[in-house]
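Quick note on labels: first sequence line is chain A, next is B, and so on, each numbered from 1. Atom set for the values below is all heavy atoms of this structure, side chains included, hydrogens, waters and symmetry mates excluded.
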Amino acid sequence: MRVNRLKRRFFLQGAGGALLSLPFLESLLPREVRAQSAAPPRRLIAIKSYSTQNIRDFYPSRAVSGYTLRKYKGDESGGGNGKEDGTLALSEPLAESSGRHSNGNAYTGKWAPLSDFAGEGFSRILGAELARFAEKLLVLRGLDFLPDTNHNDGGMLGYYKGGSISDTASSLKDVPTIDQVLAYSPKVYPSPPATRSLHLSPGRSNTFSFTDNGKRGGSITQVQADTNPKVVFDRLFKSFQAPSGGEPPAEDPNKLLVDRVIEDYRQLSKNPTLSAADKETLERHVSLMAELEARLGGGSGGPSTGCEPPTAPPSVQNQGVDVATLRKSYELMIDLLVAAVRCDMTRIVTLDVYKAVGKSGGSDQGFEHSCASCEGNPNPTDWHRAAHDWDQMEQRSKVISINEWIAREVFTPILEKLDVAEDGDSTYLDNSVVFWGNELGMNHLNYSIPTVLAGGAGGYLKTGRYIDYIDWDRNVKFSQHNGMVIEGVPYNRLMVTLLQAFGLEPSDYETDSGKGYGDTVTTGKPSDAFAVDYDMSAIGNVLPGIRA
Amino acid sequence: MAAIAGLCALFACSEGAVGEGGSPADRIDGSDPGEPRTPGEPEAGGASAVGGAASTRGGQSSRGGTAALGGAPSSAAGGSAPGEPGESGGQPGSVAIACDESVPNGLSPLRRLGRADLERSLAELLTARELEAELTGIEDELAQLPPDGENESLFSDMDARVTQRHVDAYYGVADALARRMTADAGKLAALAGDCAVAATPSAACVRDFVSGFGAEALRRPLTDAEVERYAALAEDVAAAEAFRRITFSLLLAPGFLYQVELGEARGDDYALTPHELAQRLSFHFLRGAPDVELRQAADSGELATDEGYAVAVERLLDDPRTKRTIFRFYEEWYQLPGFAGFASTPSFRSFSEGVDPDLELFADMLDEFDTLIDYTTFQSEGNYAALLTSDLTFVRSERLAELYGIEAWSGTGLPPRFPAGERGGLLTRAAALVEGNELTNPVKRGAFVLKHVFCQALSPPSNLPAEALALPPADPNRSTRERFETKTSPNECAGCHSLINPLGFALEAYDALGRYRTSETIFEDDGSVAAVVPVDSQVELVIDGKLVPAADPLAFSQAIAASPRATECFARQYFRYSRRRYETASDSCTVAAIAEAAGPAGSLRQALRSIALHPSFKKRAVIP
């Protein structure tokens, strides 16, 4: 019997309880009261895929009336060459400037309604299954990493230092990824949630998330992902209590005990012989315990009415690259993710697609991005290896098929399951941002990182658009395969956009060292070979043409 | 070697650097060392010979495979010591091994228990009270603990992260276990004695429990004030709730979840108390809390005497749990836990016909690997060189014996030897050689040896031509070695690859299942045989400034074994594993002592002993 187990829910709990000294905030009110005056919460669901997208396959590249199709050099020359990349050219300028040309004059990115391309799917990757979401998507082109980043862990969410990075690594900023800035922001969670962020990964525990555990300027550590759906279920839903409408649960008797334990840590940290680092370790433990304590018992909140906990999943460990196991793992993880969002157990989720299903020789095959035991060998399951052999059509088609699978069986089902009514006319999806991003751009270039957003962040984003931020009047510095190096807009501005979409202001995330978010150094990128000339006066601004 | 970090095809070789492990390029997360992305002419590889033997690089060997290894590590190469003092884990770096007594040693950052430590500490507490069955009832709660080190650390125990998931999991474990241990009168009596079954236990009963169980949980005696503080939790509640509260609180206390070491002031630093020493020894050797003998030695003060301490160290060296700790060290060092299994392609099926490799075969390989370590370290007083050169077989499995082409060993008595020149030591055993498919990758094997056996830093090159990382194309007329030689022959590659390749080419004497071979069968994708070509595994290495030809893999292993540089690398790796952090300048004397002990005049057992007997082990330096 677990009678007084940790009540895993409930950042909507009451502000009562002698030990809680939370400010009285609207979101602490019972849901039915809150609902009359407050908008539904906003959520971020970030999905990362690896080893590039072929630009022509990711962005609209079919002939569409009213648009000019750029020439394509053809697969035999490596697939595209500079500006002749085979994509559709847009012509409608955004209302706001995107930056400046090399001559200093303003330039403006272009956009088009996504519905113009929805017929057979927006692109080979963003296929027909997404057509019904034309009004809820934002497809973005021309977002560039400024630092000289190669393979990385946290780049997609603004931390460029991790992973295998080139020689600027040591000088890059230690900042949390934006999901962690959001996870610890009182604007996202006015009181401690069941879980500040949920990190899922069928396959490996690395995440693309780096945290300071909510202590600004504190040391940064890489977050670990859940790889087993059963462990996620146990943590979030095992003792989940559906709304009863009866008496609010009593305060957990462990609360007092936890408070007392916290005092033990405080006492120890006062020992004068401990180093500053040891004290930081203990203080971090105190803050993590305090977070836990705040969740214990009491309160009158309850799950959202639309919330149904999922059925308990089986334990799935060591997913390997077996197709059926991988598929099942993703299905289970997606169900958990959706339930966690709909039950408001968390508002921040990352899903790392490090393993995926693709096609090899016409049949389904499991892939791992960088398979430790097969790396360096022509193993058919090595996604990264396939991406390197871009010149070989067979290898290229593996990478494309993996991304088609992600679009069809990972991204789309999440949108479908969230696009159900939450509050009045709006759906969970409308109140969320589902962000499918990439580790890098084409052929390991860190330019034009393929990006698609779904959902409006509660009306913050102007969706239904394909926006191209590339300054096409500039010269292409060089190109490889279907990727080119040419100035677009700094990726940092996407980070700023997402932070502000959740109500954060610059003072909530900017550091002493500059405006905007994340590193902007381009050391290691000589200007004769790389695009480095950006309008840095706008680095702290939201992306143009994206705000409703 | 079954799972090498990243694609080792191309690395920049930094001059004289000897650190490894935590630079971004060095992580064991499979991240890639470098990618094609730069236009125009790539810069030269920036390679240098290892250990300051730059002049010996390239061109000397008629065989096209010359590696310069060894030589004196450059003094404080790479500059600053890794990690800030007091930081756990820290950044790895390039610290000269030469012992400098003037640098304060004994850094000991506060760190949480590893997952293995925690589970064994719980088991120790419960088993002593015949409550160990309760552990199986909290498997779900234990499963909430994030894994240590996965994809992140050189050794899993180096992972010192404490996150919300950790703290929530600690809570879940403490809560569930405290409830279970006090669930009925029988368990209460087992936990705290017959007096605990009374409706309202006496104050003495509560205090006895706090003093006894508390001292085991916190791994030190409690002060009177602490006893009173815990005992106060029992006031005004029934017995079960009283003991539940106390147990719960102790299982979440810093003294249980962290390896707390405060010490007693002694000059400029702090000597560990006997109980802190017992704790350090125990986590170091057993990866668990002190057992009853250690606790008694601490209680009696025996551990505080040099003699008593030495007795305790010897006893721990003989403990089977220590063996398991040491096996784990080598397994993680050689990256064996990540082995993902075997391919099912037609070509692999043809290649492995008659063997039908599966994870059970890999387990047999691990058993042989561990038994060689066991024999050399614990049975025969062998040194590190012996571990790298032993030609004794320890193959108990018929399947593995067949793969090796030898007779299986009965498991007792001196095992048979491999045929002359075929194998020597760890690097040439199947566990270290096996791949998931039929193809060897000599660059991958060579980079492993350079990086992990010589502790040579390899950082990702910043400029690579497009497709530099693509594997050499299949060619039925050429051996793997020949194909890789051509692939890595351009000037911009040759610098590093003159170091990496010979180390891998020597191991071409073994196929991807670890079978000894003199010819290489090349398969078509459909599994048919395309060709059989001769294998050339002869190389020339430059070690410690001398040219060392290695005609066979045993000679290759012997050349590595004879290098002080390799022994130093062993010392670094063992330090990192057992002290759970990268070495810093302040650890130079400790690392030097391990290397000395493992060297020609010493033994591996002596090396394990040396770290515990080193003065730095018994104290805590105070860092502001």
Trainee: Taking B:R620, B:R245, B:R229, B:H166 one by one, which has the highest count of heavy-atom pairs under 4.5 Å against chain A?
Mentor: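 The residue among B:R620, B:R245, B:R229, B:H166 with the greatest pair count is B:R229.
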
Trainee: Is any side-chain heavy atom of A:N254 closer than 4.5 Å to one of B:Y171?
Mentor: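 Yes, close enough: below the 4.5 Å cut-off.
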
Trainee: Heavy-atom pairs under 4.5 Å with chain B - which of A:D226, A:V258, A:L282 has more of them than the others?
Mentor: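 Winner by heavy-atom pair count: A:D226.
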
Trainee: Looking only at heavy atoms, which two atoms of A:D264 and B:P254 are closest? And how far apart?
Mentor: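 Scanning both residues, the minimum pair turns out to be CB-CD, 3.7 Å.
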
Trainee: Please classify the contact of B:Y270 with chain A as side chain, backbone, both or neither, using a heavy-atom distance under 4.5 Å.
Mentor: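 Contact with chain A: side chain only.
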
Trainee: Check each atom of B:L250 against the heavy atoms of chain A and say whether the ones under 4.5 Å are side chain, backbone, both or neither.
Mentor: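 For B:L250, there is no contact with chain A at all, as no heavy atom is under 4.5 Å.
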
Trainee: Quick one: does A:R295's side chain get under 4.5 Å of B:D168's, heavy atoms only?
Mentor: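 The answer is yes, as the side chains (C-beta and beyond) meet within the 4.5 Å cut-off.
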
Trainee: Of all heavy-atom pairs between A:L288 and B:V162, which one has the smallest distance, and what is that distance?
Mentor: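 A:L288 and B:V162 have their closest heavy atoms at CD1-O, 3.7 Å.
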
Trainee: Begin with the C-alpha distance, continue with both residues' side-chain angles, and end with the deciding distance and a verdict on side chain to side chain contact (heavy atoms under 4.5 Å, CB included) for A:T281 and B:Y258.
Mentor: CA-CA 10 Å; A:T281 300; B:Y258 287 79; 3.6 Å; yes

Trainee: With sequence neighbours left out, what residues match A:Y50 under side chain to side chain donor-acceptor pair (under 3.5 Å)?
Mentor: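 If we apply the side chain to side chain donor-acceptor pair (under 3.5 Å) test to A:Y50, skipping adjacent residues, the hits are A:R204, A:D352.
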
Trainee: Determine yes or no for a side-chain-to-main-chain donor-acceptor pair under 3.5 angstrom, with B:Q144 supplying the side chain and A:V231 the backbone.
Mentor: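 Judged by distance alone, yes, a pair lies under 3.5 Å.
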
Trainee: May I ask you to name which of A:R196, A:K525, A:R260, A:E291 has the most heavy-atom pairs under 4.5 Å with chain B?
Mentor: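 Of A:R196, A:K525, A:R260, A:E291, A:R260 has the most heavy-atom pairs under 4.5 Å with chain B.
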
Trainee: In the structure I gave you, are the side-chain heavy atoms of B:L257 and A:H285 within less than 4.5 Å of one another anywhere?
Mentor: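 They are in contact (side-chain heavy atoms under 4.5 Å apart), so the answer is yes.
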
Trainee: Less than 4.5 Å apart, any side-chain heavy atom of A:T211 and any of B:T163?
Mentor: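 No. Closest side-chain heavy atoms not under 4.5 Å.
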
Trainee: Mind checking what makes ring pair (Phe, Tyr, Trp, His ring centres under 6.0 Å) contact with B:Y170, not counting sequence neighbours?
Mentor: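 Listed in chain order: nothing, the list is empty.
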
Trainee: If you compare all heavy atoms of A:L292 against all heavy atoms of B:Q164, which two are closest, and at what distance to 0.1 Å?
Mentor: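 Where A:L292 meets B:Q164 most closely, the heavy atoms are N-NE2, 4.0 Å.
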
Trainee: Counting heavy-atom pairs closer than 4.5 Å to chain A, which one of B:R244, B:R112, B:E438, B:E241 comes out on top?
Mentor: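 With the most close heavy-atom pairs to chain A, the winner is B:R244.
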
Trainee: List the atom of B:S249, the atom of A:L257, and the distance in Å for their closest heavy-atom pair.
Mentor: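 Of all heavy-atom pairs spanning B:S249 and A:L257, the closest is OG-CD2, 4.1 Å.
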
Trainee: Taking side chain as everything from C-beta outward and backbone as N, CA, C, O, which of these in A:R284 sits under 4.5 Å from a heavy atom of chain B? Side chain, backbone, both or neither.
Mentor: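 It is the side chain, since no backbone atom gets that close.
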
Trainee: Between B:P146 and A:Q224, which heavy-atom pair has the shortest distance, and what is it?
Mentor: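 Reported closest heavy-atom pair: CB-OE1, 3.3 Å.
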
Trainee: Considering only heavy atoms, which portion of A:N213 lies under 4.5 Å from any heavy atom of chain B: side chain, backbone, both, or neither?
Mentor: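 For A:N213, the side chain is the part near chain B, not the backbone.
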
Trainee: Measuring heavy-atom distances to chain A, does B:Y230 have an atom under 4.5 Å in its side chain, in its backbone, in both, or in neither?
Mentor: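 Looking at B:Y230, backbone and side chain both touch chain A.
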
Trainee: Do you know the tightest heavy-atom contact between A:M289 and B:L252?
Mentor: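 Closest pair (atom of A:M289, atom of B:L252, distance): CE-CD1, 4.4 Å.
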
